[in-house]
Each structure stands twice: as structure tokens, then as C-alpha cells.
Amino acid sequence: SSLLPLTSRISTRSSFSCRAKNSTIFRPLSSRLLVVSQRMNTPMDIAAWRKAYNGYQQHLLEDSLPTKDPFKLFDVWFREVAVLKDEISYEEINAVSVSTVSAEGRPSSRMVLLKSYDDKGFTFFTHYDSRKGTQMAANPNAALLFYWPRFHRQVRVEGVVERIPDEQAVAYWNSRPISSRIGGKSSAQSTVIPNREHLERRKHELEKAVASQGETAASKPPTWGGVLLRPRYFEFWQGQSDRLHDRICFSTEKPPADSADFVRASDRPDWHVFRLSP
């Protein structure tokens, strides 16, 4: 396949510059808290914050797209970011916001790590009994949001989720470092716990079990597994400094009839291409 598998963690480690090490964020926690407390009585004026966008390419135009297949276009964009992953020390480029909606219509979002993508969709892993897991079970409509500030790009993906086969989840679970398996099994995700020590105690118990029984003591919990989001909508967003951002969309549903003249054919059957006003 021409698409990029993410079967292992993408390392974003790199050396920091001396200037970065001397910045406030890299000071000891106590020093940072002191700086923050000293500034708390001074209102922050964030309304005037501005940043120039798009130093890498010009406008995102339909006729200049490398492909009009949204799955392949995502792959092109992701690979462009992946080339620089060792230079972007503060980003996990496969980090994605997952938004779900409860049966009562209440939305929630959180960041997860994308673990694979192909022409079927996007896969990540979670606890099925967690908040997002129970929401996806009650309402399979979900959305992903990728944001790569170095490129001033976003990709929105909307679709329907489904669980992947358990044997695939087991294979990925067993490929993780043992410390990650112990951590994942130590936590009943999204449940209320008394304190941090509760987690540390459970972790220590599992570490002792692994030491005496082997790694099978940290086998995949039955309620942990993979989720595949099958897309029906993509939006590729390219930021522009004048705020006339480019928004190129691909959808399995046609836009309103009065926009029919602006809709183009996709390279993928039954998908439509159109531009949205920013």
C-alpha cells in the first residue's frame, strides 16, 4: 500500500537549542510556578496575538492538488510533516483530537495517538469502557482533527466508528513496550479514583506479577481494543495570513443543490470535491 502505516510510535525526540533550554518552560516546576503567580494579577491581552501563516507554500488550489482522492491526499500531507518529525521536538505529529457525542447529544473531545491509516480509515486504540468508548458505542458518529502548526494545516475527518477485530488489537498490544502494557492495564480509564497512589499501587502489583509470571501477566484487557473511523467527509485547511484560509472538502454527500455548479469530481468514486468559504 502507498499509505503510511504507523505500527510503532513515531519518535519526536530531538535536541533542544540552548535558547529553548533557557526559556521559562524548561525551568524547574517551582521556578515556573513562581513566575506564573507573579504574573497572575496582570491581565493577559490575547486578543491582539497574531502569527503569520503559510511560509511553506502558496494558496491551496483545486487544480494544483497532487491527487483528488482524499485518502491519498491525507497521506501526502502526513508524509510532508513526517519528514520534519525530528525537527519538531514539541509535536507528536500523529496526535489527533477525537470528538464523540453521548446518547444525550453532549460532545466531548480528547487527544489520542493515531496508530494506522489506509484506504479504509483511521485506527486508534482505547478502553471501550472509557467515556469515549461508551459514547462511541451509543453514537458511532465521530470526528478527528489533525493540526500541524509548523505547516499551518488542519485536516478534519468525520465518519462512523467500528471496533477492529480483537486479534489485531492483541497483536498491537503485544508490540507495545512492557511498561506501556502495565500502564494500560493498571488504569480503568475514565473511572473516578481516590488519588495518584491508587494507580501506582496497581502498577506495582502488575510489575511484581510480570516479574514472577512473565509478560502474560500484562495481557490485553478484554475491554481494551482498536477503533476504526471510516470517513465520509474530509476537510483540508491551509492557513493564510490574510485569514482567507483555504478549505478544500471531500464528501460522500453532495452540497446543497444551489452549489452544484461548484462541485468537482473526485478521483475516488462517489466522492465530491468542493471549496468552503473560510
Side-chain angles (χ1 to χ4, degrees), residues 1-10 67-79 81-82 91-103 105-148 153-173 175-176 184 189-190 220 223-237 247-253 266-273 276:
S1 173
S2 63
L3 303 186
L4 179 66
L6 303 180
T7 53
S8 61
R9 290 182 182 273
I10 293 180
T67 174
K68 289 187 173 64
D69 181 322
F71 295 83
K72 292 180 180 179
L73 183 55
F74 177 87
D75 186 51
V76 170
W77 276 28
F78 192 90
R79 287 175 185 270
V81 182
E91 292 181 38
E92 288 187 286
I93 64 173
N94 57 323
V96 58
S97 172
V98 177
S99 296
T100 55
V101 182
S102 70
R106 298 173 61 182
S108 61
S109 300
R110 74 289 293 159
M111 301 300 296
V112 304
L113 293 178
L114 181 73
K115 285 302 173 181
S116 68
Y117 65 87
D118 55 24
D119 57 4
K120 297 182 183 66
F122 298 81
T123 298
F124 59 93
F125 293 85
T126 189
H127 289 260
Y128 294 143
D129 288 342
S130 65
R131 184 182 184 189
K132 61 180 170 297
T134 55
Q135 288 187 345
M136 288 186 292
N139 184 344
N141 294 289
L144 307 178
L145 175 61
F146 298 88
Y147 177 50
W148 300 306
R153 285 177 173 176
Q154 298 180 50
V155 180
R156 291 172 53 196
V157 187
E158 299 173 9
V160 176
V161 296
E162 61 187 56
R163 296 181 181 181
I164 68 171
D166 193 60
E167 57 268 24
Q168 294 181 22
V170 170
Y172 172 69
W173 175 272
S175 74
R176 305 170 81 197
Q189 195 175 84
S190 298
K220 184 188 80 65
T223 57
W224 187 97
V227 176
L228 170 70
L229 182 140
R230 293 186 180 271
R232 58 190 179 200
Y233 177 87
F234 285 82
E235 179 182 318
F236 295 85
W237 181 97
R247 299 174 65 188
I248 305 298
C249 304
F250 295 79
S251 178
T252 56
E253 299 178 359
S266 169
D267 292 342
R268 180 172 286 263
D270 302 321
W271 282 76
H272 313 282
V273 187
L276 292 181

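Contact between Asp129 and Thr134 at its shortest, heavy atoms only, is O-CG2, 3.8 Å. When all heavy atoms are compared, the tightest approach of Ser266 to His272 is CB-N, 4.3 Å. Val273 approaches Lys68 most closely through the heavy-atom pair CG2-O, 4.5 Å. Across every non-hydrogen atom of Phe78 and Ile93, the tightest pair is CE1-O, 3.7 Å. Contact record, Lys120 with Asp118: N-OD1, 2.8 Å, taken as the closest heavy-atom pair. Taking all atoms of both residues into account, the shortest heavy-atom contact from Thr126 to Lys132 is OG1-CE, 2.8 Å.
The backbone N or O of Val155 sits nowhere less than 3.5 Å from a side-chain atom of Tyr147 that would complete a donor-acceptor pair. Under the 3.5 Å distance criterion, the side-chain polar atoms of Asn94 are left unmatched by any main-chain donor or acceptor of Leu113.
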Item to complete: Determine, stepwise, if the pair Thr123 / Leu114 fulfils side chain to side chain contact (heavy atoms under 4.5 Å, CB included).
Response: CA-CA 6 Å; Thr123 298; Leu114 181 73; 5.6 Å; no
Discussion item. Walk me through whether Asp270 and Thr252 qualify under side chain to side chain contact (heavy atoms under 4.5 Å, CB included).
Written reply: CA-CA 6 Å; Asp270 302 321; Thr252 56; 5.8 Å; no
Practice prompt. Report the C-alpha separation of Arg110 and Thr100 in whole Å, then their side-chain angles, then the decisive distance to 0.1 Å, and conclude whether the side chain to side chain contact (heavy atoms under 4.5 Å, CB included) test is met.
Written response: CA-CA 9 Å; Arg110 74 289 293 159; Thr100 55; 3.1 Å; yes
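Results of the side chain to side chain contact (heavy atoms under 4.5 Å, CB included) test with Cys249 over Trp237, Tyr233, Phe236 single out Tyr233 as the only residue that passes. Of the candidates Val157, Val161, Val227, Leu228, Val157 is the only one forming a side chain to side chain contact (heavy atoms under 4.5 Å, CB included) with Phe122.
Side-chain contact between Ser99 and Pro107 is absent, with no heavy-atom pair separated by less than 4.5 Å. Using a 4.5 Å heavy-atom cutoff, the side chains of Arg232 and Asn141 are in contact.
Sorted by first and then second residue, the pairs that involve residues 162-171 and meet salt bridge (Lys or Arg N to Asp or Glu O under 4.0 Å), not counting sequence neighbours, are Glu162-Arg230, Asp166-Lys220.
Expressed to the nearest 0.5 Å, how far CZ of Arg268 lies from OG1 of Thr67 amounts to 9.0 Å. Annotation: the span from Ser130 atom OG to Trp224 atom CH2 amounts to 11.5 Å, rounded to 0.5 Å. With rounding to the nearest 0.5 Å, the separation of OH in Tyr172 from NZ in Lys115 is 3.5 Å. The structure places CZ of Phe71 at 11.0 Å from CZ of Phe250, a figure rounded to the nearest 0.5 Å. Of the inter-residue distances, the one linking Gln154 atom CD with Glu235 atom CD reads 8.0 Å to the nearest 0.5 angstrom.
Phe74 and Tyr117 have their aromatic ring centers within a separation under 6.0 angstrom. Checked against the 6.0 Å centroid criterion, the rings of Trp77 and Phe234 do not qualify as a close aromatic pair.
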